[in-house]
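This report refers to the structure that appears directly beneath it.
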Amino acid sequence: MSTEGKRRQSIADMKRALILEAAQRVFERDGLDGASLRAIAAEAGYTPAALYFHFDSKEALYADLLGQSLSTLADMVEESSRSAPGGMRFTASALAFFDFYANRPRELDLGFYLFRGGMRRQGLGRDRDRALNTALERALAPVETGAREVGASPEAARAATASVFGHAVGLLMMQHTGRARVFGLASRALMQDFVALQFKELSRGAPVSQP
């Protein structure tokens, strides 16, 4: 790429990043349903026409933000899995998944469409949903691999991964809404206990506990 081409690409990347930052703020304020491309363009300091050059819909913007979040999540889970000693990858990756959202509550809101919209089923279009589900599966893959490494069957490893996901989400919701304090509970400790129980059951071939 020529020097001029690199300069133009750099400017385009900068504009795209600014638009995404503005979109994040609008989604946090108005939710997916309440947001509009016009509002996002105004927040970013661009005209709607300029924004359309980069994104054709608010769903495309949301999908890009969520895709970036899931990619970061996957990288962190994979790094924890790689760093764990043999036999401990299941535990390390499961807790890394939990910790990512425990330390980043806005990422949890983004991932579960909780910006003002509450808990209900939402989507961004079939192709985008499929791509985002694939990204989530990549983030959870080390959990499943870790389960297989301690002797779980493919079916048991898949069930354990689903259980880890469901239990983590439930505890994260309790933590970020303050409900855990009502019961005097420490969400991280509860997650550790659950993962330890799952690990024990997987190691001896017992049926997997469901959340």
Side-chain angles (χ1 to χ4, degrees), residues 17 20-21 24 28 62-115 128-181 185-211:
L20 286 168
E21 289 173 5
Q24 176 94 13
E28 290 178 1
Y62 201 101
D64 200 311
L65 287 167
L66 181 49
Q68 290 182 23
S69 175
L70 290 171
S71 179
T72 302
L73 167 65
D75 289 344
M76 293 186 66
V77 174
E78 288 171 356
E79 176 59 30
S80 294
S81 178
R82 284 194 297 269
S83 302
M88 295 303 296
R89 292 189 179 90
F90 174 79
T91 299
S93 52
L95 292 177
F97 179 89
F98 177 87
D99 289 340
F100 176 83
Y101 286 117
N103 297 325
R104 298 168 180 80
R106 302 310 277 173
E107 300 293 336
L108 183 69
D109 292 340
L110 177 70
F112 289 88
Y113 304 88
L114 297 178
F115 292 137
R128 293 189 186 102
D129 289 345
R130 185 181 298 114
L132 291 168
N133 287 336
T134 298
L136 177 60
E137 288 178 357
R138 177 198 160 202
L140 289 166
V143 180
E144 188 168 347
T145 299
R148 293 291 304 278
E149 286 180 347
V150 296
S153 67
E155 295 77 13
R158 188 71 173 172
T161 303
S163 294
V164 164
F165 176 79
H167 203 78
V169 171
L171 288 173
L172 288 163
M173 293 294 183
M174 289 179 65
Q175 175 175 310
H176 292 316
T177 58
R179 297 301 186 273
R181 290 196 299 272
L185 302 174
S187 298
R188 182 52 156 74
L190 289 173
M191 187 65 190
Q192 285 180 297
D193 290 345
F194 178 77
V195 172
L197 177 61
Q198 292 283 87
F199 180 83
K200 182 178 180 180
E201 292 177 343
L202 289 167
S203 299
R204 62 187 177 89
V208 174
S209 297
Q210 299 298 316

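To the nearest 0.5 angstrom, Ser80 atom OG is 11.0 Å from Asp75 atom CG. Between atom CG of residue Leu185 and atom CD of residue Gln175 there is a gap of 11.5 Å, rounded to the nearest 0.5 Å. Rounding to the nearest 0.5 Å gives a distance of 8.0 Å between CD of Gln24 and OH of Tyr62. Note: Leu110 CG to Tyr101 OH = 8.0 Å, rounded to the nearest 0.5 Å. Distance CD/Glu79 to OG/Ser93: 12.5 Å, rounded to 0.5 Å. The distance from the CZ atom of Arg188 to the CG atom of Asp193 is 10.5 Å, given to the nearest 0.5 Å.
Under the 3.5 Å distance criterion, the side-chain polar atoms of Ser203 are matched with a main-chain donor or acceptor of Phe199. Between the Thr134 side chain and the Arg130 main chain, a donor and an acceptor come within less than 3.5 Å of each other. Put simply, the side chain of Ser69 never gets that close to the backbone of Leu65: no donor and acceptor are under 3.5 Å apart.
Environment of CZ in Arg158: sparse, with no more than 12 heavy atoms of neighbouring residues, nucleotides or ligands closer than 6.0 Å. For CZ of Arg82, the number of neighbouring non-hydrogen atoms (other residues, nucleotides, ligands) closer than 6.0 Å is greater than 12.
Here Asp64 does not pair with Arg128 in a salt bridge; the nearest charged N to carboxylate O distance is not below 4.0 Å.
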Checklist entry - Is there a side chain to side chain contact (heavy atoms under 4.5 Å, CB included) between Phe90 and Val195 once you walk through the steps? => result CA-CA 8 Å; Phe90 174 79; Val195 172; 4.0 Å; yes
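Met173 places none of its side-chain heavy atoms less than 4.5 Å from the side chain of His176. Within the 4.5 Å cutoff, side-chain heavy atoms of Leu140 are placed close to those of Phe97.
Heavy-atom minimum distance, Glu144 versus Pro154: OE2-O, 4.4 Å.
With hydrogens and angles left out, the side-chain atoms of Asn133 and Glu137 include no donor and acceptor closer than 3.5 Å.
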